[in-house]
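For reference, the structure is listed below as structure tokens.
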Amino acid sequence: MANPQTDDKRPTRDPAEDNAFFPSPYSLSQFTAPKSNLSGADYPNPYKGGKKILMIGADERYLLTDNGTFFSTGNHPVETLLPMYHLDKAGFAFDVATVSGNPVKFEFWAMPSEDQEIKGLFAKYRDRLKQPLKLSEAIGKGLDDYVAIFIPGGHGALIGLPESEDVRAVLEWAAAKDRFVVSLCHGPAAFLAVGDSDIYRGYKICAFPDALDAQTPDIGYMPGHLTWKFGEKLKALGFEILNEGISGAVHRDRKLLTGDSPLAGNALGKLAADAILKELGTG
């Protein structure tokens, strides 16, 4: 939602949970916008086959911080819907799954309120977002119909996904089958699920920097600091994180496509759509 410029850096209370907070008015004025860059979504030869993309969404809203407060989070709409927008325009349908089978949680305060196409895409997938597949059941049915795995960003990706054996199984399947994995911002925290596996050792990615996470409580974006650093843990697994700040950078390393922040949503969608179309011989 759009927010006027304001100097109020106090996190806004979320009345649905004890000691829980949304970002401050000031931080929303700095880091959200009513419209997004949707350029380049022109795909004259869209995919017409039966392969789909599996999105793994966040199913928990409340992230506990170091001072005992909760950050009211989920998947960031821009980091979810802009990549989906490009892939949808390129002819790909999505299945949506969460680890629990519970609804995908959204940081709805970041929804670009004037992007009618993005709001339309959200409406198109609303039912699947509210009634997703349980990831273990999706695995049980077989994953061969998926050409790519998409893990959107938002701090909700820090909750549950990094420890999930089901996420690990999906990522190991994607590596074994040479399928695309697309993620951005905090979404790459899910890669921690592979644990001691070497499938990503030596890979270069873009992700939201730990150093910036440490600064966001200063402007009230979060009500407290994170209790652990996902970038640090990714480096310990053998990843190289290319970006130190956020500029909208994206990167492809083999079949792993990543972006640094909400600023990368459009470019990552374009990168993913072009790469997958080319892989399938239609781009």
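What you see is a predicted model; the values in this text were computed from it and never measured.
The environment of CD in Q131 is sparse: at most 12 heavy-atom neighbours from other residues, nucleotides or ligands sit within 6.0 Å. Few gaps surround CZ on R254; more than 12 heavy atoms of other groups in view lie less than 6.0 Å from it. In the displayed structure, K51 atom NZ is contacted under 6.0 Å by more than 12 heavy atoms of other residues, nucleotides or ligands.
For the pair R13 and F22, the cation-pi test (distance below 6.0 Å, angle within 45°) is failed. By the 6.0 Å and 45° rule, K89 does not stack over the aromatic ring of Y43.
Listed by chain and residue number, nothing satisfies the salt bridge (Lys or Arg N to Asp or Glu O under 4.0 Å) test with R126 (two or more places apart in sequence, or in another chain). Partners of E172 under the salt bridge (Lys or Arg N to Asp or Glu O under 4.0 Å) rule, at least two apart in sequence or in another chain, are R168. Residues meeting the side-chain hydrogen bond (donor to acceptor under 3.5 Å, both in side chains) test with S136, sequence neighbours left out: none.
Residue L237 comes nearest to G195 through the heavy atom pair CD2-O, 2.9 Å, listed as atom of the first residue, atom of the second, then distance. Taking all atoms of both residues into account, the shortest heavy-atom contact from D144 to R179 is O-NH1, 3.4 Å. The two atoms that bring P11 and G220 nearest to each other are CG-O, 3.7 Å, heavy atoms only. Between A157 and P152 the shortest heavy-atom distance is CB-O, 4.1 Å.
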For residues 180-190, tabulate all N or O donor-acceptor pairs below 3.5 Å that involve a side-chain atom, not counting sequence neighbours.
unit_1	atom_1	unit_2	atom_2	d
S183	OG	I151	O	2.7
H186	NE2	H155	NE2	3.2
H186	NE2	D213	OD1	3.2
H186	NE2	D213	OD2	2.8

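Contact annotation: the side chain of K235 approaches that of I241 to within less than 4.5 Å [non-hydrogen atoms, C-beta and beyond]. Residues Y62 and T73 are not in side-chain contact: their nearest non-hydrogen atoms beyond the backbone lie 4.5 Å or more apart. Residues D260 and S247 have side chains in contact (heavy-atom distance under 4.5 Å, counting atoms from C-beta outward).
The aromatic ring centroids of Y26 and F31 lie 6.0 Å or more from each other.
Residue pairs that meet the ring pair (Phe, Tyr, Trp, His ring centres under 6.0 Å) test with at least one member in residues 238-276, sequence neighbours left out, are F191-F239, Y200-F239. Note on residues 125-146: pairs passing ring pair (Phe, Tyr, Trp, His ring centres under 6.0 Å), not counting sequence neighbours, are F94-Y125.
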When you look at L268 and T258, which way does the side-chain contact (heavy atoms from CB on, under 4.5 Å) test go after all the steps?
CA-CA 7 Å; L268 183 64; T258 54; 5.5 Å; no

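The side chain to side chain contact (heavy atoms under 4.5 Å, CB included) test with I56 is passed by exactly one of D95, L135, L171, D166: L135.
Proximity of a side-chain donor or acceptor of T69 to a complementary backbone N or O of F21 within less than 3.5 Å is not detected.
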